[in-house]
Amino acid sequence: MPKATICLWYDTEAEAAARFYVATFPDSAMGAVYRAPADYPSGKAGDVLTVAFTVAGIPCIGLNGGPAFRHSEAFSFQIATDDQAETDRLWTAIVDNGGQESACGWCKDRWGIAWQITPRVLTAALAAGGAEARRAFTAMMTMGKIDVAAIQAARRG
């Protein structure tokens, strides 16, 4: 077991979320599914309580803790993409599976987890600083899903 693991709280669908992430993101895997040994406030003995999984190389635990807490953009996964095809594939997988589009490369999955689908070309443009970064940032601010060609054009001026 890794020393640090991210725990993601779900109402009742931790296993479904984990299976979606594993099917969607490279370097992801399912781990053990643990069932409740006894009844608890938001479930009964035998219900899935926690699910161990890795998403994009990050160890996680999905906890079916009931409806008390909801996800927000205060926590997100940032996924670096290499090209438009990968950006499109991941964005579409999240949004078309009951998710929601947002701005500047952000979207939410159907469970409320926020994702930043961030092409490496955008990160490189922002790291370049100066006018190049300003132009790329200004272009990004008009986008939902990031358009790689538009960011490249903005970098060039």
Side-chain angles (χ1 to χ4, degrees), residues 1-33 50-65 67-157:
M1 180 175 203
K3 190 161 189 89
T5 302
I6 293 173
C7 182
L8 300 170
W9 184 291
Y10 297 87
D11 184 356
T12 60
E13 292 193 308
E15 184 176 7
R19 291 194 186 284
F20 171 75
Y21 304 147
V22 167
T24 302
F25 296 97
D27 194 22
S28 299
M30 281 296 292
V33 175
T50 62
V51 179
F53 61 99
T54 301
V55 62
I58 301 169
C60 299
I61 293 288
L63 168 68
N64 283 332
F69 300 109
R70 296 284 175 221
H71 299 288
S72 78
E73 288 81 0
F75 172 87
S76 64
F77 284 97
Q78 184 178 47
I79 305 294
T81 57
D82 293 323
D83 54 31
Q84 191 68 55
E86 184 181 20
T87 301
D88 292 348
R89 183 185 73 76
L90 296 177
W91 181 275
T92 300
I94 292 167
V95 171
D96 286 358
N97 187 45
Q100 178 182 0
E101 295 185 19
S102 191
C104 303
W106 289 65
C107 57
K108 277 187 182 180
D109 66 30
R110 74 179 207 190
W111 301 279
I113 298 288
W115 297 85
Q116 298 176 58
I117 308 302
T118 309
R120 293 180 196 279
V121 69
L122 174 59
T123 305
L126 297 175
E132 184 177 339
R134 249 186 324 278
R135 290 189 305 267
F137 182 79
T138 300
M140 176 202 68
M141 292 300 292
T142 68
M143 298 176 187
K145 176 178 61 177
I146 302 299
D147 180 333
V148 170
I151 295 298
Q152 289 169 328
R155 286 187 79 176
R156 290 188 300 271

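Residue numbers count from 1 along this sequence.
Contacts of Pro26 classified as side chain to side chain contact (heavy atoms under 4.5 Å, CB included), with partners at least two apart in sequence or in another chain: Arg89. With sequence neighbours excluded, the residues that form a side chain to side chain contact (heavy atoms under 4.5 Å, CB included) with Ser76 are Trp106, Ala114, Gln116. For Ala150, the side chain to side chain contact (heavy atoms under 4.5 Å, CB included) partners are Met143, Asp147, not counting sequence neighbours.
Pro119 has its side chain out of reach of Gln84: every pair of non-hydrogen atoms, C-beta onward, lies at least 4.5 Å apart. Val51 places a side-chain heavy atom less than 4.5 Å from the side chain of Met30. Put simply, the side chain of Cys107 reaches to within 4.5 Å of the side chain of Ile117, judged on heavy atoms. Here the side chains of Asp82 and Arg120 are in contact, with some heavy-atom distance below 4.5 Å. With contacts defined as side-chain heavy-atom distances shorter than 4.5 Å, the pair Leu8/Phe75 qualifies. In this structure the side chain of Ile79 never reaches within 4.5 angstrom of the side chain of Thr118, judged on heavy atoms.
For residues 16-28, the set of pairs meeting the side chain to side chain donor-acceptor pair (under 3.5 Å) definition, not counting sequence neighbours, comprises Tyr10-Tyr21, Glu15-Arg19, Tyr21-Asp109.
Ile94 contributes atom CD1, which lies 11.5 Å from atom NZ of Lys145 (distance to the nearest 0.5 angstrom). Atom CD1 in Ile113 sits 9.5 Å away from atom OG in Ser72 (nearest 0.5 Å). Atom NZ in Lys108 sits 10.0 Å away from atom NE2 in His71 (nearest 0.5 Å). Between the CD1 atom in Ile146 and the OG1 atom in Thr87 there is a gap of 8.5 Å [rounded to 0.5 Å].
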Open item on the list: Before you tell me yes or no, could you show the steps for Phe69 and Asp11 under side chain to side chain contact (heavy atoms under 4.5 Å, CB included), namely the whole-Å CA-CA distance, both residues' side-chain angles and the distance that decides it to 0.1 Å?
Closed with: CA-CA 8 Å; Phe69 300 109; Asp11 184 356; over 6 Å; no
Under 3.5 Å, side-chain donor or acceptor atoms of residues 121-137 against the rest of the protein: list the pairs with distances, not counting sequence neighbours.
from, atom 1, to, atom 2, distance (Å)
Glu132, OE2, Arg155, NE, 2.4
Glu132, OE2, Arg155, NH2, 2.6
Arg135, NE, Ala154, O, 2.7
Arg135, NH2, Arg155, O, 2.6

Extract all donor-acceptor atom pairs below 3.5 Å that involve side chains of residues 53-65 and protein atoms in other chains or at least two apart in sequence.
from, atom 1, to, atom 2, distance (Å)
Asn64, OD1, Glu13, N, 3.2
Asn64, OD1, Ala14, N, 2.8
Asn64, ND2, Thr12, O, 3.4
Asn64, ND2, Val48, O, 2.9

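Across all their heavy atoms, Trp91 and Gly144 have their closest contact at CH2-C, 3.7 Å. Contact detail for Cys104 and Met140: the closest heavy-atom pair is SG-O, 3.8 Å.
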